[in-house]
Amino acid sequence: MRSLLLTVLLILTAVTAPMSAPAAAAEEEQDPLDQLRAVPGLTVVSETRPAGYRFFVLSYTQPIDHRDPRKGTFQQRLTLLHRAVDVPVVLYTGGYGLAADPAPSRTEPTRILDANQVSVEHRFFRSSRPVPADWRDLNIWQEATDEHRIVQALRTIYPGRWIQTGASKGGMTSVYHRRFYPGDVDGVVAYVAPDDPVNQLDRDYDRFFAEVGTAPCRQALETVQREALLRRDRMVPLLEADAARNGYTFTRTLGSADRSYEMTVLDTVWAFWQYSTAADCASVPPATATDEQLYAWIDNVAFFGFYTDQGLEYYWPYYHQAATQLGWPDLAFAHLRGLTRYRGLYQPNSVLPVELRARHQPLPMLDVDFWVRSQSERMMFVYGQNDPWSAERFTPSGRDSYLYVVPGANHGANIASLPEAEQREAVATLRRWAGATSLLRSPGTATLPDDDMLIHRRPA
């Protein structure tokens with residue numbers, strides 16, 4: 001009898017005992033699709049499955065005004081590149097809109113960490129714009145709070161380390177999120193992110209253009225600008241003909257082809273150094289170039305279609321933010337005195353519809369700049385030596401934060417283009433922040449395209 005009772009007891013113990021760790025983990029694994037659908041306010045729009053990944057296009061319900069939820073909500077677009085729940089997550093804030101039909105790609109930190117990636121469309125871009133839109137709700141704190149809510153929501157699925165990244169305005173966006181919600185992510189890698197704490201003091205930009213490249217190249221570029229303005233009466237008709245062929249108009253923003261032409265000429269040297277390198281100086285046309293040759297070269301570098309109603313509309317949220325908070329490069333153009341017609345043209349309110357123009361608010365950038373210098377931690381800034389947007393840089397604190405400048409690089413500067421010793425150091429820092437292990441992707445994983453995180457002037 002006693003042995004029978006003992007046998008029954010042993011059987012019951014085996015049935016009711018806790019499962020072993022591997023068995024419990026297997027039972028607790030959930031399909032990411034089911035987990036995403038369970039997040040309040042999150043909608044799965046579509047899913048594709050590149051080998052080794054799952055790629056989701058998502059929509060998340062956000063308050064139009066985080067300080068006054070009674071104003072209603074809007075849908076913010078984002079995407080998720082899912083590899084595994086037990087690897088880091090890279091939060092990619094592009095600062096602009098996602099593609100109309102998003103496709104999977106990886107930022108440099110995502111590739112280095114072999115991580116998941118959440119890509120967020122900035123409020124007021126593309127379909128992530130409230131209707132009706134109160135443009136006063138487009139500011140750095142509102143967007144940072146959008147990202148904060150997204151991180152909180154997705155941490156229920158991905159509880160591990162998070163790294164934030166972005167380039168140019170996207171890099172600035174990652175800095176602002178870090179400023180207002182420093183506990184959301186474990187580190188930030190901001191590429192070519194301008195810092196304009198005092199908007200009127202742009203001597204760094206003028207100094208940059210006085211020193212970048214070689215003296216012959218600088219002289220050749222200034223000659224192009226001067227010749228283009230001296231020949232204005234013959235070359236503006238080339239722009240008007242171009243506009244007629246392509247359906248460009250000017251009435252909504254700059255107001256005329258002549259103003260658009262001057263704006264493009266003013267922007268030509270900036271665009272050259274933003275996208276080109278010193279090796280491209282050989283392509284700069286001489287003063288003896290024909291009108292057609294000069295127009296074609298400027299069009300290739302700065303794109304005459306950019307400063308049109310059609311070229312600018314997508315960028316209205318950026319220019320509105322630049323006018324109100326972010327600031328802009330206010331250049332002297334001393335070499336063009338006497339040749340320009342429109343005083344104060346080179347500023348963001350010039351390229352906005354009248355109803356979106358606004359006064360600048362100086363305090364937000366002063367606050368961010370001071371915080372980055374004095375209180376921030378685990379922030380990495382990567383700049384290009386020959387990139388005009390890198391002329392005014394953030395200065396990181398001494399709290400596990402770093403600044404790298406890629407020799408000779410333009411606006412596409414990244415960790416991979418750093419000198420070898422600095423590259424190893426930056427990669428090691430990033431992996432340390434992310435707690436990255438040697439966990440590798442499984443065989444047969446798709447090779448996804450790299451995302452340079454930059455917006456280019458000319459449409460693809």
Side-chain angles (χ1 to χ4, degrees), residues 28 30-45 54-95 98 102 107 109-110 113 115-125 127-128 130 137-166 170-190 368 371 375-379 433-435:
E28 289 172 4
Q30 297 184 53
D31 187 298
L33 177 59
D34 293 335
Q35 291 178 294
L36 292 169
R37 285 174 170 167
V39 174
L42 191 66
T43 300
V44 178
V45 177
R54 296 175 71 170
F55 180 69
F56 300 93
V57 178
L58 307 169
S59 178
Y60 189 57
T61 303
Q62 296 277 20
I64 293 173
D65 181 351
H66 290 281
R67 290 192 170 96
D68 185 4
R70 295 172 301 175
K71 291 177 69 172
T73 61
F74 73 101
Q75 294 299 308
Q76 186 168 26
R77 289 201 308 159
L78 58 152
T79 65
L80 167 64
L81 181 65
H82 169 89
R83 188 170 84 75
V85 295
D86 55 351
V87 300
V89 178
V90 171
L91 175 65
Y92 167 35
T93 47
L98 295 176
T107 66
T110 307
L113 299 173
N116 306 300
Q117 179 175 301
V118 176
S119 304
V120 179
E121 181 168 82
H122 199 290
R123 61 166 46 210
F124 279 67
F125 278 89
S127 61
S128 297
D137 294 324
L138 176 58
N139 60 58
I140 61 173
W141 181 83
Q142 295 282 4
E143 173 60 22
T145 308
D146 290 342
E147 294 156 21
H148 173 64
R149 294 186 74 249
I150 289 169
V151 171
Q152 285 187 313
L154 293 180
R155 271 197 184 277
T156 61
I157 304 172
Y158 303 98
R161 301 284 184 90
W162 284 60
I163 298 295
Q164 188 163 1
T165 195
M172 298 160 76
T173 302
S174 67
V175 173
Y176 307 147
H177 180 196
R178 185 73 162 162
R179 162 66 183 97
F180 294 114
Y181 299 97
D184 272 3
V185 299
D186 299 282
V188 168
V189 182
V368 171
W371 182 85
Q375 299 179 50
S376 66
E377 57 183 338
R378 297 190 307 281
M379 300 192 73
W433 288 347

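Judged by distance alone, the side chain of R123 and the main-chain N or O of I64 form a donor-acceptor pair under 3.5 Å. With hydrogens and angles ignored, the 3.5 Å screen pairs no side-chain donor or acceptor of R161 with any backbone N or O of D186. Using modelled atom types, no side-chain atom of E143 and backbone atom of L138 make a donor-acceptor pair closer than 3.5 Å. In this structure a side-chain-to-backbone donor-acceptor pair under 3.5 Å is present from N116 to A84. Between the side chain of Q117 and the backbone N or O of T107, at least one donor-acceptor pair lies under 3.5 Å. Formation of a donor-acceptor pair under 3.5 Å by the S174 side chain with backbone atoms of T165 is not found in this model. Listed for the R178 side chain is a donor-acceptor partner under 3.5 Å among the backbone atoms of V185. Judged by distance alone, with hydrogens and angles left aside, the side-chain atoms of R149 form no donor-acceptor pair with the main-chain N or O of A144 at under 3.5 Å.
Closest non-hydrogen pair, P130 versus F124, comes out as CD-CE1, 3.6 Å. Of all non-hydrogen atoms in A190 and G171, the two that sit nearest each other are CB-O, 3.8 Å. In terms of heavy atoms, A115 sits closest to P88 at CB-O, 3.1 Å. Of all heavy-atom pairs between V39 and A153, the closest is CG1-CB, 3.8 Å.
Under the 4.5 Å side-chain criterion, counting only non-hydrogen atoms from C-beta, V89 is not in contact with V151. The shortest distance between side-chain heavy atoms of P102 and F55 falls below 4.5 Å. Contact check for E147 versus D184: no side-chain heavy atoms found under the 4.5 Å cut-off. Between F180 and T145, every side-chain heavy-atom pair lies at or beyond the 4.5 Å cut-off. In this structure, T173 and H177 have side chains that are not in contact, with every pair of non-hydrogen atoms separated by 4.5 Å or more. Taking the side chain as every heavy atom from C-beta outward, L80 and Y158 approach each other to under 4.5 Å. Between I150 and Q62 the shortest side-chain heavy-atom distance falls below 4.5 Å. Residues L91 and V120 form a side-chain contact, since some pair of their non-hydrogen atoms from C-beta on lies under 4.5 Å apart.
One distance of note links CG of L78 with OG of S119; it measures 8.5 Å at 0.5 Å rounding. Taking CZ of R378 as the reference point, atom CD of Q164 lies at 13.0 Å (rounded to 0.5 Å). If you take OH on Y181 and CD on Q152, they are separated by 8.5 Å, rounding to the nearest 0.5 Å. Annotation: the span from D137 atom CG to N139 atom CG amounts to 7.5 Å, rounded to 0.5 Å.
Side-chain N/O atoms of Q75 and S128 include no donor and acceptor closer than 3.5 Å. Defined by atom type and a distance below 3.5 Å, a donor-acceptor pair is present between the side-chain atoms of H66 and D146.
Between D68 and R70 a salt bridge is recorded (basic side-chain N to carboxylate O distance below 4.0 Å).
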Just do the side chain to side chain contact (heavy atoms under 4.5 Å, CB included) check on Q142 and D65 with the steps written out, would you?
CA-CA 7 Å; Q142 295 282 4; D65 181 351; 2.8 Å; yes
Let me see the working for R54 and D31 under salt bridge (charged side-chain N to carboxylate O under 4.0 Å, His left out), right down to the final yes or no.
CA-CA 11 Å; R54 296 175 71 170; D31 187 298; 3.2 Å; yes
Please determine whether side chain to side chain contact (heavy atoms under 4.5 Å, CB included) holds for the pair T93 and Y176, giving the CA-CA distance in whole Å, both sets of side-chain angles, and the decisive distance to 0.1 Å.
CA-CA 11 Å; T93 47; Y176 307 147; over 6 Å; no
Does W433 form a side chain to side chain contact (heavy atoms under 4.5 Å, CB included) with V188? I'd like the steps, not just the answer.
CA-CA 9 Å; W433 288 347; V188 168; 5.9 Å; no
For side chain to side chain contact (heavy atoms under 4.5 Å, CB included), just list the numbers for I140 and R179, CA-CA rounded to whole Å, side-chain angles, deciding distance to a tenth of an Å, and then say yes or no.
CA-CA 10 Å; I140 61 173; R179 162 66 183 97; over 6 Å; no
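Just one residue in the list L81, V118, T110 forms a side chain to side chain contact (heavy atoms under 4.5 Å, CB included) with V90, and that residue is T110.
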